[in-house]
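A quick write-up on the structure given underneath.
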Amino acid sequence: MIVMKFGGTSVGSTDAIAQVADIVAEKVQEQAQTDRPGVVVVTSAMSGVTNTLIHAAQAAAAGDEGPYREARGQLLVKHQVVAGQLIEDGVERAALGRLLDDRLREFERLCRSIAVLGELTDRGLDVVSGLGERLSAPLLAAVLRARGVKAQFVDAGQIVVTDNVHGGAAPRMGPTTQRVQDRIRPMVESGVVPVITGFVGATEEGVPTTLGRGGSDYSAAIIGAALDVDEIQIWTDVDGVLTADPRIVPNARSLPELSYEEVAELAYYGAKVLHPKTVTPAVEKKIPLRVLNTFNPSHPGTRILAARESNGRGGVKAITAIRDMNLITVAGRGMMGVPGIAARTFGSVAREQANVLMISQSSSEQSICFVVPNSSAARVLKALEEEFERELHRRYIERIWDQKEIVIVAVVGSGMKGTPGIAARVFNALGEENINVIAIAQGASEANISLVVTDGDAAAAVRAIHDAFQLHQMLEPAQPAR
Ligand code: ADP
Ligand code: ASP
Ligand code: MG
């Protein structure tokens, strides 16, 4: 039994959806030959749809009702065009058309009330942004039926139970597993392919939530773990996890194999190919993940498993970068004499629930530097100024400030720990390109060396390190096709 998750571009057009239907149909047959057959499909919204929904809701809150009115018609057409081309049965097409129309009316009603209130709450945003999957999943289920696959649409709001942290909810695995076992397993065992909405869930009380942007990968892993499947497949638009973002490094290559830890580091530090939390449910059940290309399905992609001997030259496997960060510094010559500054600094940051991506080693001992997302920097600065009001007044602490538009570049590979000289090679490569390293990480995972550069230097830094470790060259023979 496997879970197959299809991303936004994989369901982004008629041709792509037709391709997905072929891939699923083939997999269903292949699975039928195994002793634990079954396929569960998880889908994203069609590409661009989540953004359209969010922008329309935000515009409505700001009093502009044009975007949602326009989006309603546009989204109906976008989905109906696919249905018109891939579903011949008129009855099936009409039923789907009604469902799409109902959903989009609901969208319009929601946006109208957002406009009346002049306010968009996180809870309201979750209802709107999750609608894209509630359009694409019934469409894909109908296309699969038209292709001869017994498929049935399932709304994850009925099965993925989460906490109430809107915009980034966490699953409650106990009740989720119960519901998946009760509702999904019997479907699969009777030969039906459930087509489940990614990205969305609901609280125990039934209030819709989302798992955060890009969260359909996480949905697939949650459902896969709840079913204890044999493999979780993430079907996307590249040949697996690459040595770097192909938009930055055009000659990046596909990595045949990575450990859970390595992929978690890559995803956390900005490699968009997987949602950062995807590995968590998989690791606990030791379920292998595989990242595959919908548009090149015979490519073996990347297999993600528990750690094994590193096979990368020098241990470096991939480079990633995460943008829109701020480097916050607390500095002052009097800091040394005042105990507990670090504890109070991070205590304040924690109270603001800001995510610290990196704590860096500064050249002087009289400062503390750390990196937070730009979106939480202002709150953190204010909290620190309040916390250290007295020290600032007495000039024990001279300044608390942030540097904006910085990027964390992370060099990832679990084999790095046993290999001397990696950091030196990284810094040499950057030095040769005249790239100024603002800070380096302290105490990051052993699978990761991270450093801070300006936004303007980030792409060159990634390319320089990629070149220095010659990651574009194949490091091990390609695996046989699936
Ligand atoms: P999906 O819609 O299938 O979830 P995403 O757009 O979320 O796809 O993620 C896939 C994209 O991630 C790729 O098209 C690629 O541009 C980008 N990407 C960034 N870093 C990497 C990387 N290291 N390996 C593969 N893809 C990456
Ligand atoms: N549709 C959602 C998003 O765009 C979730 C996903 O694609 O994974 O963020
Ligand atoms: Mg994605």
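Indexing begins at 1, ligand by ligand and atom by atom, following the structure's order. From a predicted model like this one, the values you see are computed outputs, not experimental measurements.
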Ring geometry between Trp235 and Phe6 (parallel below 30°, tilted from 30 to 60°, perpendicular above 60°): parallel
Protein heavy-atom partner closest to atom 16 (O) of ligand 1 - residue, atom, separation in Å: Arg247 NE, 3.3 Å
Numbering as shown, the atoms of ligand 1 that approach Gly8 to under 4.0 Å (heavy-atom distance): 1 (P), 2 (O)
Region of Thr236 engaging ligand 1 - heavy atom pairs below 4.0 Å: both
For atom 24 (N) of ligand 1, the protein heavy atom that lies nearest, with its residue and separation: Leu242 N, 2.9 Å
Heavy atoms of other groups near Arg69 CZ, more than 12 under 6.0 Å: yes
Stepwise salt bridge (charged side-chain N to carboxylate O under 4.0 Å, His left out) test for Arg72 and Asp101: CA-CA 9 Å; Arg72 181 187 156 188; Asp101 197 44; 3.7 Å; yes
For Ser44, the ligand 2 atoms whose distance to one of its heavy atoms is below 4.0 Å: 6 (C), 7 (O), 8 (O)
Residue-ligand contact Asp237/ligand 1, heavy atom below 4.0 Å: yes
Numbered atoms of ligand 2 (with element) below 4.0 Å of Glu133, judged on heavy atoms: 1 (N), 2 (C), 5 (C)
Minimum-distance protein heavy atom relative to atom 21 (C) of ligand 1: Asp245 CA, 3.8 Å
Residue Gly240 vicinity, atoms of ligand 1 by number, heavy atom under 4.0 Å: 25 (C)
Enumerated ligand 1 atoms positioned under 4.0 Å from heavy atoms of Val273: 9 (O), 10 (C), 12 (O), 24 (N), 25 (C), 26 (N), 27 (C)
Proximity winner for atom 9 (O) of ligand 1, if only heavy atoms of Met46, Arg253, Lys272 are counted: Lys272
Atom pair CD (Glu26) and CD (Gln31), whose distance is rounded to the nearest 0.5 Å: 12.0 Å
Derivation and outcome, side-chain hydrogen bond (donor to acceptor under 3.5 Å, both in side chains), residues Thr9 and Asp237: CA-CA 7 Å; Thr9 31; Asp237 57 0; 3.2 Å; yes
Polar contact flag, side-chain donor to acceptor under 3.5 angstrom, Asn374-Asp324: no
Atom indices of ligand 1 within 4.0 angstrom of Lys5 heavy atoms, with elements: 4 (O)
Check: Ile159 main-chain N/O paired with Arg183 side-chain donor or acceptor under 3.5 Å: no
Glu30 bridged to Lys27 by N-O distance under 4.0 Å: yes
Element-labelled atoms of ligand 2 that are located less than 4.0 Å from some non-hydrogen atom of Arg213: 3 (C), 4 (O), 9 (O)
Stepwise side chain to side chain contact (heavy atoms under 4.5 Å, CB included) test for Ile232 and Lys5: CA-CA 8 Å; Ile232 298 162; Lys5 175 262 173 177; 6.0 Å; no
Residues Arg179, Gln158; criterion side chain to side chain contact (heavy atoms under 4.5 Å, CB included); working and verdict: CA-CA 8 Å; Arg179 292 192 191 187; Gln158 305 288 318; 5.5 Å; no
Check: Gly212 N/O within less than 3.5 Å of ligand 2 N/O: no
4.0 Å heavy-atom contact, Gly7 with ligand 2: no
Any Gly8 heavy atom less than 4.0 Å from ligand 2: no
Under 3.5 Å side-chain donor-acceptor pair for Thr210 and Ser129: no
Sub-4.0 Å heavy-atom approach of Ala244 to ligand 1: yes
